[in-house]
2 protein chains.
Amino acid sequence: MAQGPISPSGQSLLFLTDEQLRKGSEAMFFAYRGFTRDPDRILAEKGYGRAHHRAIHFIHRAPGTTVNNLLAILGVTKQSLNRVLRTLIDDGLVTQRVGATDRRERQLHLTGEGAALERALSDAQRDRMRQAYRKAGPDAVAGFRQVLEAMMDDEMKHYYDALRDRSDAG
Amino acid sequence: MAQGPISPSGQSLLFLTDEQLRKGSEAMFFAYRGFTRDPDRILAEKGYGRAHHRAIHFIHRAPGTTVNNLLAILGVTKQSLNRVLRTLIDDGLVTQRVGATDRRERQLHLTGEGAALERALSDAQRDRMRQAYRKAGPDAVAGFRQVLEAMMDDEMKHYYDALRDRSDAG
DNA sequence: CTTGGAATGTCAACAACGCTGACTTATTCT
DNA sequence: AGAATAAGTCAGCGTTGTTGACATTCCAAG
């Protein structure tokens with residue numbers, strides 16, 4: 001276990017103490033709780049969970065995406081996703097269309113109602129993000145994004161980057 | 001829905017587009033997956049879950065903490081925590097001691113075995129954090145922490161700050 | 001046209017880990 | 001003595017993850 005000298009200021013370019021890193025972990029833990037809290041409240045009212053939010057988010061973000069693609073992005077099994085997707089389809093928030101070129105594929109889209117819920121959820125989440133961004137300032141935000149991106153698995157980074165270019169025209 | 005002008009550079013002090021905020025959300029989502037992945041693997045081998053990791057982490061971080069305090073930090077119910085704590089005690093990773101001043105309290109400590117698992121888990125998690133920190137650089141790290149701290153609920157921020165001052169002497 | 005394989009969907013069973021509600025025990029405070 | 005607090009427990013439930021088995025549909029190669 002690397003147990004190095006802990007300077008009073010605690011900041012150095014190349015040397016990172018376990019303590020600094022541990023605080024980073026705790027910051028991730030507590031911040032993620034805040035990050036999910038507001039959407040979770042809305043979801044609970046409607047009888048949905050966080051898995052529904054994730055599905056709705058990425059269908060909104062990549063309309064027409066297939067089930068397989070969604071599986072890869074979300075990193076869950078087909079059965080887990082199917083359960084969530086089924087309720088969303090049955091409740092009229094998501095539609096499936098048979099693929100044009102490959103008719104085995106099901107292209108997923110949000111209905112008007114689904115888009116409305118997506119908006120409510122992302123509004124709630126963005127309000128908190130906006131507040132945090134404003135409080136921390138643009139330089140901090142740039143650093144925030146850099147560290148998060150460096151923390152992703154390569155595979156996740158791939159999907160993250162694939163979503164980067166899209167404009168907000170949903 | 002505020003839908004403002006998106007400048008090519010995309011950075012402005014006070015105006016944040018929905019798109020910028022959405023990317024921040026996605027960065028949080030994908031990064032958190034990476035953040036938990038390595039410890040999750042170790043835990044799965046031993047038949048534990050993320051809840052065990054959290055309990056072990058905070059008992060290590062605040063040795064002698066009480067059940068009630070742990071409940072507040074973790075933000076779960078007594079029953080949920082008890083289930084996890086019971087397996088850790090039965091498996092000999094955590095000990096309970098009756099409180100000195102208030103004998104109703106149970107003070108929680110890691111055993112040698114518990115501390116060993118804590119080390120394995122946090123080593124795995126810190127390796128990834130360290131890599132991300134090095135890649136992003138110290139300024140980015142400072143920004144990362146600022147944004148995360150601004151994203152926490154006030155109550156969570158309180159507990160986070162309470163843990164800040166401790167040295168790494170576990 | 002038939003067949004192999006890919007994409008999708010479904011059923012059953014299970015585990016982890018949240019939750020609520022009710023209740024007990026031990027201890028401390030008023 | 002009685003109220004309040006800390007902890008533990010039982011019973012039951014919901015979401016969301018897992019595996020395994022299996023059916024269906026469809027594309028593409030032989």
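Naming: A, B, ... by sequence-line order, numbering from 1 per chain. Worth knowing before you read on, the calculation uses all heavy atoms, side chains too, and leaves out hydrogens, waters and symmetry mates.
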With respect to the phosphate group of [N], does any side-chain polar atom (N or O) of [X] fall under 4.0 Å of OP1 or OP2?
| X | N | result |
| --- | --- | --- |
| A:Thr77 | D:dT18 | yes |
| B:His52 | C:dA16 | no |
| A:Ser80 | D:dT16 | no |
| B:Arg83 | C:dA15 | no |
| B:Arg103 | C:dT27 | yes |
| A:Asn68 | C:dT8 | yes |
| B:Arg54 | C:dG18 | yes |

Look at all strands and tell whether [X] reaches a base, only sugar-phosphate, or nothing, counting heavy atoms closer than 4.0 Å.
| X | value |
| --- | --- |
| A:Arg50 | sugar-phosphate |
| A:Gly99 | nothing |
| A:Arg86 | sugar-phosphate |
| A:Gln96 | sugar-phosphate |
| B:Thr101 | sugar-phosphate |

Practice item. Counting heavy atoms from C-beta on, name the nucleotide in C:dA22, D:dC27, C:dG18 closest to the side chain of B:Ala51. Key: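 Comparing C:dA22, D:dC27, C:dG18 against the side chain of B:Ala51, the answer is C:dG18.
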
Review point. A:Asp102 has a side chain; which of C:dT10, C:dC19, D:dC26 sits nearest to it?
Key: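 In terms of side-chain proximity for A:Asp102, the closest of C:dT10, C:dC19, D:dC26 is D:dC26.
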
Review point. Has the side chain of A:Arg104 got a donor or acceptor that lies under 3.5 Å from a partner of the other kind on the base of C:dA6?
Key: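 Checked by distance alone, the answer is yes.
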
Ion pair check, [X] and [Y], cut-off under 4.0 Å:
| X | Y | value |
| --- | --- | --- |
| A:Glu149 | B:Lys135 | no |
| A:Glu45 | A:Arg41 | no |
| A:Asp154 | A:Lys157 | no |

Practice item. Would you check if the side chain of B:Asp102 reaches a backbone N or O of B:Arg104 as a donor-acceptor pair within less than 3.5 Å? Key: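 Pair found, side chain donor or acceptor close to backbone of B:Arg104.
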
Review point. Do any N or O atoms from the side chain of B:Arg128 and from the backbone of B:Gly34 form a donor-acceptor pair under 3.5 angstrom?
Key: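 Present.
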
Exercise for review: Send over the distance from B:Lys78 NZ to C:dT24 C1', rounded to a whole Å.
Suggested key: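 Whole-Å distance recorded here is 10 Å.
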
